[in-house]
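To find a chain, count down the sequence lines: A is the first, B the second, and so on, and within it residues start at 1.
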Amino acid sequence: MNLKIYNTLTGKKETFEPLRHGKIGIYVCGITAYDRCHIGHARSAVVFDVIVRYLRAAGFNVTFVRNFTDIDDKIINRAREEGISTEELAEREIAHFYEDMDALRVRRADVEPRATGHIPEITSLIQRLVDRGFAYESGGDVYFSVRRFPDYGKLSGRNLEQLMAGARIMPGEKKADPLDFALWKAAKPGEPSWESPWGKGRPGWHIECSAMSMKYLGETFDIHGGGLDLAFPHHENEIAQSEAATGKQFVRYWVHNGFVTIKGEKMSKSLGNFITIRDILEGFHPEVLRLFLLSKHYRSPLDYSADSIREATSALGRCYNALREAAQIISSSFKKQRPLPTHVKESAAFILSLKAKVASAMSDDFNTAQALGYLFDSVRCLNRIIEGARKRPSCLYGDLLRECCGVISEVSAMFGILQEDPDRYIEACNIAALHASGLTLEELDSLIEERNMARRERNWARADEIRDGLSQKGIILKDTPSGTEWSADL
RNA sequence: GGCGGCGUAGCCAAGUGGCUAAGGCGACGGUCUGCAAAACCGUUAUUCCCCGGUUCGAAUCCGGGCGCCGCCUCCA
């Protein structure tokens, strides 16, 4: 398997070679625990969740680390506003994070370190930088001397002159140079603080990721990921700190996901145009959100809209519908052993080749959009087989469909979709639609009964009137040989 | 201003030098049906923002233009 990854550091797609054969260390910047997560956070989490699932499916032994920033200015300010401690705030928001991620079927990382749990590692890394002349103490703060690190800017493609244009010293900072950034911040009255060689204080934002990633993955490791907005200054500073301290390359492949936008603009707290994960999950199944997030390549911007979520809902519903029909055929026993038609065999062959196709799409810089295209192709093939079974039943269909569904299910697992029992998924949609229609089940049943009476009397006008009325309320009727069924309009 | 990204059908979206430009949503026609729904079959971009260039050959490479977005301050 030749895996290609786009590396922000070089600006190119490169063939991936792990540092140690068969093993991968990956660190992804997690959240700052001060507020609810929005769809942008969901994208980053789901994208790296799928990347890790894929790497494991490809046979790599992956160590996945994702941190929590549980102390910083935003947390201090928000805690003060709410009149609670920073610990309480961080604990609550980490719990909310898990609530959202569990709902989204995002798996836990192998190590989930927190900044406040790694103060000794952080201070000793800062000490190392001071000892090597890359950092200096100033009035209880410690700063990194950007000009001492010649490679500064190599990740984000900037040079020092460009950076000087926008750099300035904020009031209260004690930098020697406007480009320098804080490694350690002296405690202000009332702020949480830890002991250090420079007095009481707390870590700057960037240093925690260097200290924790190197602790768990080594001084050089394979993949570091995060949102594109972290590339500068956060990841640039991580490189500077880490490489200045160790003299070694810090990270081999930098992977950044694109933003979620809304009406073309970046979704962000400051613009106030964000939609929380919890908001979405009130109206849609978590797999719908996952499908939506994976439907575009991870590096491109992804525009959120109510319509695009509805499209994902329809597409997912179509897949579940096929899986349910397949399950029905599998569970029914046909006596006749008719040979399978050619087009059925061809469809099955396509499905059986799905794993290889998806693996090939994923090996090209994690092309989930292309991979999902193959999955949808397979669902059409599955429907063709189902149609074949309905037209000319044969006992040969049971095993064939079981095998095909198994492949589809296994491949979907990598994306974290189609993992529900189809009956239960569809039933849940139906219940939601019934609820939204404002009808009770009894009212619906009696309308269906009334319509069937009208149909028996060949009163098509009345029958259609009832069906159209229900359709407007989001309930679709389907007349089958075994009676009338109702379902949600997916 | 500096740096970076993007512009493919009605909408969403793969494809980055050469087989018929994936797939999804929608729409339309056919099969099925009392009519529908679901499903299947077919149609829906002779063409990939515009203009030049390289090449036997470009959506794909190069130059220029137009438009949109992001980073340069906290941000997934």
How long is the line joining NZ of A:K74 and P of B:U73, in whole Å? 15 Å
Students often get this wrong, so: under 4.0 angstrom with heavy atoms, is A:F259 touching a base, only sugar-phosphate, or nothing? base
In B/S/- notation (B base, S sugar-phosphate only, - none; protein heavy atoms under 4.0 Å), nucleotides 8-22 of chain B written 5' to 3' is ---B-SSS------B
Phosphate contact (B:G24 OP1 or OP2) by A:R380 side-chain N/O below 4.0 Å: yes
Could you work out, with side-chain contact (heavy atoms from CB on, under 4.5 Å) as the rule, every residue matching A:S437, not counting sequence neighbours? A:L434, A:L439, A:K473, A:I475
Between the base of B:C74 and the side chain of A:D229, is there a donor-acceptor distance below 3.5 Å? no
Residue matched to B:G2 through Watson-Crick or wobble contacts both under 3.5 angstrom: B:C71
Residue pair A:T261 / A:M267, side-chain heavy-atom distance below 4.5 Å: no
Strictly by salt bridge (Lys or Arg N to Asp or Glu O under 4.0 Å), give each pair with a member in residues 367-387 of chain A just once, sequence neighbours left out. none
In whole angstroms, how far is the C1' atom of B:A36 from the CG atom of A:D489? 13 Å
For A:S482, what residues pass the side-chain contact (heavy atoms from CB on, under 4.5 Å) criterion, not counting sequence neighbours? A:T480, A:E485
So that I can tick it off, tell me whether A:R66 and A:D110 are bridged by a salt bridge, with the cut-off set at under 4.0 angstrom between side-chain N and carboxylate O. no
What interatomic distance, in whole Å, is found between P of B:C3 and the corresponding atom of B:A45? 41 Å
Which residues pass the side-chain contact (heavy atoms from CB on, under 4.5 Å) test with A:P192, not counting sequence neighbours? A:I71, A:I76, A:T86, A:W194
Please tell me which of the listed nucleotides, B:A76, B:C41, B:C74, lies nearest to the side chain of A:R384? B:C41
Give the rounded distance in Å between these two atoms: CG of A:N257 and P of B:G5. 17 Å
In Watson-Crick or G-U wobble terms, with both distances under 3.5 Å, the base opposite B:A9 is none
When rounded to the nearest Å, what value does the distance between C1' atoms of B:G63 and B:A58 take? 15 Å
Would you please confirm or rule out a distance under 4.0 Å between OP1 or OP2 of B:C71 and any side-chain N or O of A:K266? yes
Separation of atom CZ in A:F274 from atom P in B:A76, rounded to whole Å: 12 Å
Consider the side chain of A:R158, meaning its heavy atoms from C-beta on, and name the nucleotide among B:A38, B:A76, B:C72 that approaches it most closely. B:C72
Distance between C1' atoms of B:G26 and B:A13 (Å, rounded): 14 Å
Without decimals, in angstroms, what is the distance between A:I466 CD1 and B:C35 P? 19 Å
Taking the P atom of each, how far is B:C49 from B:A9, in whole Å? 8 Å
Check this one for me: any side-chain N or O of A:N383 less than 4.0 Å away from OP1 or OP2 of B:C40? yes
Under 4.0 Å from OP1 or OP2 of B:G24: is there any side-chain N or O of A:R318 that close? yes
Tell me whether the rings of A:H235 and A:W254 are parallel (<30°), tilted (30 to 60°) or perpendicular (>60°). tilted
Can you find a donor-acceptor pair, distance only, under 3.5 Å between A:R467 side chain and B:A36 base? yes
May I ask you to decide if the ring planes of A:F292 and A:Y304 are parallel, tilted or perpendicular, using 30° and 60° as cut-offs? perpendicular
Indicate, with a heavy-atom threshold strictly under 4.0 Å, whether A:L477 touches base, sugar-phosphate, or nothing. base
Could you work out the separation of B:A22 and B:C48 based on their P atoms and round it to a whole Å? 15 Å
Provide the Watson-Crick or G-U wobble partner of B:U54, both distances under 3.5 Å; none if there is no partner. none
Interatomic distance where CG belongs to A:L230 and C1' belongs to B:G4 [whole Å]: 16 Å
Given B:A76, B:A36, B:C72, the nucleotide with the shortest approach to the side chain of A:V260: B:A76
Side-chain donor-acceptor distances from residues 308-323 of chain A under 3.5 Å, at least two apart:
residue: A:S308; atom: OG; partner: A:S305; partner atom: N; Å: 3.0
residue: A:S308; atom: OG; partner: A:S305; partner atom: O; Å: 2.8
residue: A:S308; atom: OG; partner: A:S305; partner atom: OG; Å: 3.1
residue: A:R310; atom: NH1; partner: A:D307; partner atom: OD1; Å: 2.5
residue: A:T313; atom: OG1; partner: A:I309; partner atom: O; Å: 2.8
residue: A:S314; atom: OG; partner: A:R310; partner atom: O; Å: 3.4
residue: A:S314; atom: OG; partner: A:L490; partner atom: O; Å: 3.3
residue: A:Y320; atom: OH; partner: A:E287; partner atom: OE1; Å: 2.6
residue: A:Y320; atom: OH; partner: A:E287; partner atom: OE2; Å: 3.3
residue: A:Y320; atom: OH; partner: A:Q419; partner atom: N; Å: 3.3
residue: A:Y320; atom: OH; partner: A:E420; partner atom: N; Å: 3.0

Among the candidates B:C35, B:A37, B:G70, find the nucleotide nearest to the side-chain atoms of A:E265. B:G70
Starting from the 5' end of RNA chain B, give me the residue, A:G264 or A:D464, whose nearest nucleotide shows up first. A:D464
Using a heavy-atom cut-off of 4.0 Å across all strands, would you classify A:G30 as base, sugar-phosphate, or nothing? sugar-phosphate
How long is the line joining CG of A:N452 and C1' of B:U33, in whole Å? 14 Å
Atom NZ of A:K357 and atom C1' of B:G23: how far apart are they, to the nearest Å? 14 Å
Just to be sure I understand the rule, does A:N321 reach a base, reach only the sugar-phosphate, or reach nothing, if contact means heavy atoms closer than 4.0 Å? sugar-phosphate
Is B:A27 paired to anything, Watson-Crick or G-U wobble with both distances less than 3.5 Å, and if yes, which nucleotide? B:U43
Pairing check on B:C19: which nucleotide meets the Watson-Crick or G-U wobble criteria with it, both distances under 3.5 Å? none
On RNA chain B, more 5' by nearest nucleotide between A:S314 and A:R451 is A:S314
Can you tell me, in whole Å, how much space there is between the C1' of B:C25 and that of B:C66? 30 Å
B:U47 versus B:C35 - spacing of their C1' atoms, nearest Å: 40 Å
Can you tell whether the side chains of A:R451 and A:D479 come within less than 4.0 Å, N to carboxylate O? yes
Taking atom P in both B:U54 and B:U73, compute the distance separating them and give it to the nearest angstrom. 43 Å
